[in-house]
Structures are given as structure tokens and as C-alpha cells.
Amino acid sequence: MSKNLVIVESPAKAKTIEGFLGKDYIVKSSFGHVRDLSKNQLSVDIENGFEPQYEITADKKKLVAELKKLAKDAEMVWLASDEDREGEAISWHLFTALGLKEDKTKRIVFHEITKSAITSAIENPRKIDINLVSAQQARRVLDRLVGYELSPLLWRKVKPSLSAGRVQSVTVRLVVEREEEIKEFEVTSAYRVTAIFSVNGKSGPGLKAELSERFPKEEEALAFLKSCINADFTVSAVEKKPTKKTPAAPFTTSTLQQEASRKLGFSVGNTMRVAQHLYESGKITYMRTDSVNLSGLALKLAKDEITSSYGSKYVKTRNYTTKSKGAQEAHEAIRPTEMSVSSITGTSEEKRLYDLIWKRTLASQMADAELEKTTITIDISKSEYKFVASGEVIVFDGFLKVYLEGNDDDTSEENADLLPPVKNGQQLNPVEIVAQQRFTRGPARYTEASLVKKLEELGIGRPSTYAPTISTILKREYVVKEDRPGQTRSFRVYNLVDDKITDKTETETYGYEKSKLFPTDIGILVNKFLFQYFESIIDYNFTANVEKEFDEIAEGRQQWNTMIREFYGPFHKKIEDTNENSAKFSGEKLLGIDPVSGKNLFVKVGRFGPMVQLGDTDSEEKPKFAGLNKTQTMETLTLADALELFSFPRSLGLFEEKEMTVAIGRFGPYVKHDAKFYSLAKTDDPATVDAERAIEVIITKREKEQQGTIVEFQQEPELKVLNGRYGPYIKFKKDNFKIPKGTDPAKLTFEDCQRIIGNPENAPKKAFKGKRK
DNA sequence: CAGTGAGCGAGCTTCCGCTTGACTT
């Protein structure tokens with residue numbers, strides 16, 4: 001039996017530490033929090049000082065029982081959760097849930113997973129910091145009160161099953177407001193003038209320069225080009241300036257998500273999933289962190305690696321400090337555990353993410369890159385304007401040898417690497433001067449990763465919640481992640497060659513979007529509701545302000561429930577007031593009048609989402625309703641679109657003596673025939689689809705089903721053995737059943753199947769909690 | 001998985017932050 005029980009948060013950490021501590025210690029993991037407020041009720045006693053009612057989380061019951069037993073048998077229990085607000089609370093919950101005794105419990109913390117760090121932690125134990133625990137409790141209770149009082153209000157006023165919260169609602173607001181900025185942005189154009197000069201005869205490399213001025217008007221650009229005819233072009237200045245570039249700091253969760261998005265095209269969820277694998281196999285340090293700090297050991301390993309691979313002049317040891325708001329720094333930056341391992345075995349995604357982390361970490365400990373920036377100014381004899389050419393030459397590559405951080409916007413003008421040598425006073429001959437109409441670009445839509453970056457800047461959310469927050473607002477359909485095709489537009493180009501000006505009109509595509517976040521009608525409406533009634537909750541500074549109060553609680557300068565009381569009073573009053581005194585918030589808009597019936601036609605959000613309504617709600621005759629298409633939005637819907645929606649279901653005539661109809665359901669347009677549904681393709685327009693196409697769709701689906709069917713039974717047409725995405729399975733009505741290992745699915749008899757279905761062990765599991773439709 | 005939207009009334013939905021697997025049709 002072990003004398004000592006050590007409890008950490010993560011099982012991977014537990015395994016490593018156990019190796020350091022020897023046989024007198026058993027090291028276990030709590031897998032994060034073990035207790036929480038009950039999911040099914042508020043679980044905060046408003047009447048009694050906001051006392052939280054905790055329970056052991058369902059999936060932790062077994063674990064807590066096991067830990068309790070181990071703790072009972074141990075002489076000393078060491079609570080070693082992370083040294084931050086949540087970590088302190090985890091220790092306190094463990095203390096309470098395991099029924100630990102104060103004289104048999106010690107709280108320890110360490111920042112590095114090394115033998116010396118652990119040993120030193122064991123030698124310097126402390127008590128649980130109850131003030132820090134109170135700060136966490138305030139955070140937890142505040143989030144619960146906000147989430148569980150605002151959400152039900154949304155169910156009543158907007159639409160069932162919606163949600164609101166301190167983090168998600170601000171995240172949605174960011175996306176909604178960015179879309180508004182894009183809509184309000186006024187595109188203007190101006191003429192950008194560039195020239196290519198020959199330097200040493202026409203064969204040599206040209207010198208590319210840009211005019212220091214842009215002309216908003218076509219006439220101005222043309223007038224300038226005219227002034228260049230027969231003009232002299234003289235170099236009036238050649239300026240060389242040394243500059244340097246410094247490497248980016250090592251990865252935090254947020255910067256890893258951004259770079260993996262920019263360079264590898266990963267979603268934030270995918271980045272975290274791959275990083276988790278790398279962490280569990282011991283290849284990288286912990287991946288949920290807001291710290292850019294590297295341990296002393298890591299600094300030494302990096303230095304050794306750089307010295308041996310590139311030489312000592314590439315080494316520059318740097319200590320980074322975190323500047324982001326609300327950082328708690330319980331961990332190191334994300335780095336390889338062994339800097340000497342430059343590549344790993346694993347999936348392609350794991351290899352690529354590891355490579356990124358390895359390079360970023362190494363570069364952060366390398367010398368600055370030294371560059372020489374050259375700027376050449378060219379005077380024009382017949383004009384006041386000047387051409388400017390600039391170029392950059394790398395004198396010493398430094399960290400650029402391994403890594404350069406990516407950029408979110410691709411607007412940066414390209415710099416020529418190397419400029420041909422010219423002297424002050426030298427005459428240049430223009431090969432070509434081009435004035436091209438260029439358009440301004442509005443703000444960029446968010447990607448998942450750039451949204452995370454914004455959240456981090458605002459101090460909203462934590463490394464462990466960035467990816468889940470994005471998932472939540474996508475799941476609630478407040479926001480969609482989509483590609484949008486670009487549009488084309490024409491622009492004017494004037495060309496001056498051999499003293500002659502020619503002009504032409506060319507076209508370009510713009511506004512093409514890939515995997516960008518767009519607000520939906522629901523997202524826009526919920527945001528509007530919250531903005532109208534609860535602006536303080538979705539204020540960008542709300543989190544920052546409450547964080548200040550949590551800090552005061554952590555320092556023992558304020559009682560946690562005093563803070564909550566001060567918040568809850570006015571908040572709850574506003575909830576009740578809005579509940580009683582506001583009407584349904586449906587975003588109803590009158591589109592026009594139906595020319596056939598003369599009735600009003602509205603667009604609004606109903607119980608099942610955006611819809612059109614023909615006739616007034618309070619009229620004697622019940623209004624007609626129809627849901628919007630997935631591709632339609634309330635804002636852009638026209639009267640004609642709305643009228644078309646009422647033309648469904650539309651009959652397409654008979655096929656095999658049964659009627660075919662086309663309609664639009666929750667999952668898009670479909671054809672219904674003989675009580676079966678057949679989805680139409682994205683390219684089909686339900687308004688014009690004909691019988692011929694419908695029959696084609698029906699037959700294709702039948703063929704596909706036939707291919708997937710292994711066995712059918714005459715006794716029971718609803719029982720089948722099918723071949724699905726995960727291999728063969730048995731389908732009976734709406735339930736699916738696994739086939740026992742070692743059974744040939746093609747040889748299953750009707751009796752076999754009945755036995756499998758009848759076995760209670762194979763009974764279909766209740767749907768996952770997250771699988772709500 | 002698909003057709004809904006009145007009104008009645010039952011019962012359900014929901015937060016943020018810590019951690020991993022089990023499981024999918």
C-alpha cells in the first residue's frame with residue numbers, strides 16, 4: 001500500500017510524475033473538475049447567500065469512489081491541481097468530495113514537470129487558498145445565473161432551445177457587428193500608378209517603382225500619365241537603412257490555433273484534437289495554456305539544438321512575458337518536450353502540427369534577422385510627384401532560417417527582394433507606366449481562429465473554451481461557417497508605353513470567402529434582443545470588469561456573495577421586467593401584400609426558425625405559414641420569394657400509380673413518393689423541378705439503397721442487414737444494432753436478427769446529450 | 001430526419017471551465 005496519494009488534473013501528467021516519485025507515491029488524475037452545479041436546475045440558493053448546490057458529476061462518480069478509497073488508505077494526500085483559480089477550486093472540491101482531513105492533506109503546485117520541480121513542491125506544501133476558491137465560486141455562480149436566467153427568457157420571447165451566456169453572446173455579437181461594418185463599408189476606388197524602368201539597357205533587370213500618390217479620379221490619373229510623356233526620370237535619392245525582425249513568442253493555445261488555421265488550414269477544434277494526441281504521446285507540453293513562458297530546461301534544450309544545427313551565432317535566449325488580459329499562467333507555453341526531435345512519426349496532421357510547434361519554439365530562441373531596406377526616389381521632370389522603389393535584402397537570416405509567422409490579411413504590398421544598383425543623379429528610361437484602378441477593401445469576416453484571437457484580446461473565454469465556444473455558436477445556428485463565391489467587377493487600366501497611352505477595361509473577382517463566419521437570422525435577432533434589454537451583459541468590457549472583482553475576492557478584499565448580490569439584484573429585476581412587459585421578439589417585417597388574396601405578407605422568426613406568414617395573426621382566418629429555404633435570409637427575402645414558398649407542396653403527377661410531390665422541409669427540398677422521402681440535390685430548384693427529374697432522384701436512391709442492403713426478410717420488411725459507413729449493421733425500424741464479432745453478416749437468418757434485437761444488452765442507447773436536433 | 005406555426009398543457013431546452021475517451025450509421 002502506498003503511503004502517499006498525489007492527485008493531479010491530467011492523466012498524462014500523472015503518469016510522468018509517478019515516474020519521478022518512486023514507490024511510496026501513487027499518482028492519480030481527477031480528469032478536471034469532479035463536482036459541479038446540477039445541470040437540470042439553477043442550483044444556486046438565491047434566498048440563502050447564493051449558496052451553490054454542488055453534486056458529483058455523473059461521469060466522475062466511479063472515479064471519486066476510487067479516489068476516496070485510496071485517500072482513506074493513504075497517510076497523506078497531496079492535492080496537485082494547477083495553480084490558478086480553477087485548479088484551486090478543483091483541489092477544494094476534491095477535499096470536500098473525498099472527505100479529506102486537514103492534517104492529512106497538503107496542497108502543492110509546480111510549473112514544470114521535472115523531478116527537481118516536483119521534489120521542491122513536495123518540500124514546500126501549503127493550505128488550500130480559500131479566497132481563490134471563493135473567486136472561482138463567484139465566477140461559476142455568475143455564469144450560471146446569467147446563462148440560466150437569460151436562456152429561458154429567450155425561449156419565451158424569441159424561440160425555444162436558444163441560449164445566452166457571458167462568453168457565447170459576446171462572441172455572436174462580434175460576428176454580427178463585423179457583418180454590419182462590412183455592409184456599411186463604402187467601396188471607393190483610386191488609380192495606383194506603377195512603373196518599370198530599365199537600368200542598364202533593356203536586357204537587364206528592371207526597377208519597379210510606385211508613385212507616392214494615388215488618384216481618386218480617372219482624369220487626374222490620365223493627366224499624370226500625359227505629364228510623363230517625354231519627361232526625364234532622375235534618381236534623386238538612394239537611402240539604405242538597416243532594420244531587423246524579431247521572432248514571435250512561443251505558442252499559446254490561441255496563437256497555435258491561429259497559425260494552424262493560417263498555415264495548415266485547420267479548424268480550431270481540429271488543432272486541439274491533434275494537439276491532444278501529441279500531448280498524450282508525450283511529444284509536446286500541455287496544449288491549453290495562455291503562457292508564453294518557457295522553462296529553464298526548455299531554454300537550454302533549444303540553445304543546444306540551435307548551436308548544434310546552425311552555430312552559436314544563431315542563438316539568442318529570450319524570456320517572453322505574457323501580456324494578454326486575464327492570463328492565469330498555470331502552464332508553460334506549448335513546446336516540444338524534446339527540442340532535439342525535429343520530426344515525429346504519426347498521422348500527417350500530427351506531423352504537420354508538430355513541425356509548426358517545433359519551428360516556432362526554436363525560432364523564438366534564435367537571433368534577430370538583420371535586413372537592409374533600400375528606398376530609391378525618382379523625380380519626374382514635368383511633375384511634382386515622385387516614384388518610389390523599395391526593396392529589402394536579408395543580411396543575416398537569424399530566426400528566419402526556420403520560421404516566419406503568418407499574416408491574417410493578404411493586403412500587404414509585395415516588396416522586391418533585391419533592387420538593381422543605381423546611383424544618385426542617374427537617368428532612367430521608363431519601359432512602361434501603368435495607372436490601374438484599385439478598390440478599397442472593407443473589414444475582413446472572421447475565421448474561427450481570428451475570432452479566437454479577438455476573444456483573447458478582449459480577455460473573454462479561456463484556452464480550454466475557445467474551441468467549444470465556436471462549436472456552441474455554430475450548433476445554436478447563431479453563426480454559420482461557409483464558403484461564398486466571389487463577384488466580378490471591371491476596372492480601368494491606362495498604359496503608357498513608348499510615349500503612347502492606351503486604355504482598356506479588365507475584370508477581376510473579389511469577395512471570395514472560404515470558411516468564414518456569417519451571422520444567421522437567428523443570431524442577428526438574438527443579438528438585437530440582448531442589445532436592447534441586456535446591453536451590459538454583452539458589453540465588451542463586461543468580462544474584464546467582473547474579472548477585476550474576482551481578483552479582489554481572490555485577494556480577500558471582497559466577499560464573493562456580496563459581489564454576486566450586487567450583480568444579481570438589478571440583473572434579475574431586468575429579467576422579470578422584460579418577461580412581463582415585452583412582446584414576442586420575432587423580428588416581424590411586412591414584406592408586402594399578396595396580389596391574389598390581398599392579405600399582408602410577413603417574414604419573421606417562428607418556433608422552427610425564419611418563416612413567412614400570409615395574413616395577420618389576429619385575423620379571424622388562420623394565417624398560412626411556410627419556412628424559409630436554407631439559402632434564404634430574412635433580410636434579403638423579396639415578396640416574390642415569399643409567394644413562391646407558398647406554392648409547396650407541389651404535385652408532380654403520378655409515378656408507379658402513386659403521387660409525387662415536391663416540398664421544402666427542415667433539411668432542404670425533397671420529393672415525396674409512396675410515403676418515402678428523397679432529397680433533391682443542391683443544384684435542383686424545387687420551384688421548377690419536373691417529374692422526369694423527380695423519377696431520376698427516386699431511382700438513384702433506390703439503387704443506392706439496394707447496394708447497401710446485404711439481407712432482406714420477407715417476414716418483416718422493416719428488418720434489414722445493411723452496409724453502412726462503419727461496416728455492416730442490423731436495422732429494425734428506426735433502431736440500429738451491432739452485429740456480434742465473427743459473424744458473417746450475409747448469413748444472418750431472420751431468427752439470428754430477432755435474437756440480437758431481443759437481447760437487452762444490445763438495446764439502443766439513449767441519444768447523446770449533445771445530439772439534439 | 002422531412003409535412004410544423006392557433007390554443008390548451010405536459011415536459012424539455014440553457015451557462016462556463018476543468019479534463020478525456022466512447023461512440024457514431
Side-chain angles (χ1 to χ4, degrees), chain A residues 8-13 29-37 39-44 57 59-60 63 81-82 84-87 89-90 93 136 139-155 159-169 276 279-280 286 288 330 460-466 468-469 472 476 543 586 604-609 611-613 617-618 621-627 648-649 661 663-672 676-679 708 722-731 734-738 765 767-769 771-773:
Chain A
V8 296
E9 288 181 39
S10 137
K13 211 172 178 178
S29 156
S30 74
F31 294 82
H33 276 292
V34 294
R35 296 202 311 176
D36 193 14
L37 305 172
K39 211 166 75 54
N40 305 317
Q41 51 206 328
L42 190 63
S43 302
V44 175
T57 319
D59 58 341
K60 296 290 167 61
L63 174 77
S81 48
D82 297 344
D84 59 14
R85 201 163 62 203
E86 296 297 328
I90 288 173
H93 279 300
Q136 191 274 348
R139 199 280 303 154
R140 182 68 190 91
V141 168
L142 178 95
D143 283 338
R144 171 53 66 97
L145 292 174
V146 170
Y148 272 42
E149 294 215 346
L150 268 184
S151 302
L153 188 64
L154 288 177
W155 306 341
K159 182 177 173 301
S161 301
L162 295 177
S163 65
R166 174 176 59 83
V167 172
Q168 58 168 283
S169 296
Q276 176 89 29
Y279 168 68
E280 281 170 13
Y286 197 59
R288 290 186 275 265
I460 297 168
R462 304 279 313 133
S464 65
T465 62
Y466 294 140
T469 300
T472 298
R476 296 271 174 275
T543 291
S586 68
K604 68 201 259 194
V605 171
R607 263 207 300 154
F608 306 105
M611 62 170 189
V612 284
Q613 175 182 326
T617 307
D618 51 10
E621 202 182 335
K622 190 185 164 225
K624 278 209 252 173
F625 304 94
F648 298 107
T661 52
I664 300 170
R666 271 169 72 200
F667 304 97
Y670 63 90
V671 172
K672 192 178 157 193
K676 287 201 183 77
F677 297 93
Y678 304 87
S679 289
L722 300 173
N723 201 3
R725 199 144 60 100
Y726 304 98
Y729 65 102
I730 299 167
K731 185 179 182 73
K734 283 182 179 178
D735 293 326
N736 301 315
F737 300 86
K738 262 194 247 177
K765 306 220 167 35
F768 257 68
K769 57 181 166 124
K771 273 194 86 180
R772 198 187 52 82
K773 272 280 151 188

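All values reported here derive from a predicted model rather than from experimental measurement. Side chains included, hydrogens not; waters and symmetry mates left out as well; all remaining heavy atoms used. Below, chains carry the letters A, B, ... as their sequence lines are ordered, and counting in each starts from 1.
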Short N/O separations, protein against nucleotides 5-7 of chain B, under 3.5 angstrom:
residue, atom, partner, partner atom, Å
B:dG5, O6, A:Gly627, N, 3.3
B:dG5, N2, A:Phe608, N, 3.0

If I take atom [atom1] in residue [X] and atom [atom2] in nucleotide [N], what distance separates them, rounded to the nearest angstrom?
X: A:Lys676; N: B:dC1; atom1: NZ; atom2: C1'; value: 15 Å
X: A:Phe648; N: B:dA2; atom1: CZ; atom2: P; value: 19 Å
X: A:Glu280; N: B:dA22; atom1: CD; atom2: P; value: 11 Å
X: A:Leu150; N: B:dT13; atom1: CG; atom2: C1'; value: 15 Å
X: A:Asn40; N: B:dC12; atom1: CG; atom2: C1'; value: 10 Å
X: A:Tyr148; N: B:dT13; atom1: OH; atom2: P; value: 8 Å
X: A:Leu37; N: B:dT14; atom1: CG; atom2: P; value: 16 Å
X: A:Leu153; N: B:dC15; atom1: CG; atom2: P; value: 15 Å

A:Tyr678 and A:Tyr670 aromatic centres sub-6.0 Å |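 Ring centroids of A:Tyr678 and A:Tyr670 are no less than 6.0 Å from each other.
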
What's [X] touching, base or sugar-phosphate or nothing? Going by heavy atoms closer than 4.0 Å.
X: A:Ser679; result: base
X: A:Glu149; result: nothing
X: A:Leu142; result: nothing

Contact list (N/O, under 3.5 angstrom) for nucleotides 17-19 of chain B vs protein:
residue, atom, partner, partner atom, Å
B:dG17, OP1, A:Arg166, NH2, 2.9
B:dG17, OP2, A:Thr465, OG1, 3.0
B:dG17, O4', A:Arg139, NH2, 3.3
B:dC18, OP1, A:Arg462, NE, 3.4
B:dC18, OP2, A:Ser464, OG, 2.7
B:dC18, O3', A:Glu9, OE1, 3.2
B:dC18, O2, A:His33, N, 2.6
B:dT19, OP1, A:Tyr286, OH, 2.6
B:dT19, OP2, A:Tyr286, OH, 2.7
B:dT19, OP2, A:Arg288, NE, 3.0
B:dT19, O5', A:Tyr286, OH, 3.4
B:dT19, O4', A:Gly32, N, 3.4

Looking only at non-hydrogen atoms, find the nearest pair between [X] and [Y] and report the distance.
X: A:Gly32; Y: A:Ser30; value: O-OG, 2.7 Å
X: A:Trp155; Y: A:Leu162; value: NE1-O, 2.8 Å
X: A:Arg144; Y: A:Gln41; value: NH1-O, 2.7 Å

Do side-chain atoms of [X] reach the backbone of [Y] as a donor and acceptor pair under 3.5 angstrom?
X: A:Thr661; Y: A:Pro649; answer: no
X: A:Ser151; Y: A:Ala164; answer: yes
X: A:Gln613; Y: A:Lys604; answer: no
X: A:Ser169; Y: A:Arg166; answer: no

Involving DNA chain B, stems made of at least three consecutive Watson-Crick or G-U pairs, both distances under 3.5 Å |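 So far as stems of 3 or more pairs are concerned, DNA chain B shows none.
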
Could a donor-acceptor pair under 3.5 angstrom be found where the side chain of A:Ser161 meets the base of B:dT13?
->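 Yes, the side chain and the base share a sub-3.5 Å donor-acceptor pair.
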
Who passes side chain to side chain donor-acceptor pair (under 3.5 Å) against A:Glu86, sequence neighbours left out?
->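 Expected list: A:His33, A:Gln136, A:Arg139.
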
Does the aromatic ring of A:Trp155 sit over the six-membered base ring of B:dT14, closer than 5.5 Å centre to centre and tilted less than 30°?
->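 A:Trp155 vs B:dT14: stacking no.
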
Within a radius of less than 6.0 Å around NZ of A:Lys13, do more than 12 heavy atoms belonging to other residues, nucleotides or ligands occur?
->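 More than 12 within 6.0 Å, yes.
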
If the P atom of B:dC1 is compared with that of B:dT24, how far apart are they to the nearest Å?
->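 Result for the P pair: 15 Å, nearest Å.
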
Residues which pass side chain to side chain contact (heavy atoms under 4.5 Å, CB included) with A:Thr57, listed by chain and number, not counting sequence neighbours =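 Side chain to side chain contact (heavy atoms under 4.5 Å, CB included) list for A:Thr57, sorted by chain: A:Asp36, A:Asp59, A:Lys60.
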
Listed by chain and number, what are the side chain to side chain contact (heavy atoms under 4.5 Å, CB included) partners of A:Pro669, not counting sequence neighbours?
->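 With sequence neighbours excluded, A:Pro669 shows a side chain to side chain contact (heavy atoms under 4.5 Å, CB included) to A:Ile664, A:Leu680, A:Pro686, given in chain and number order.
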
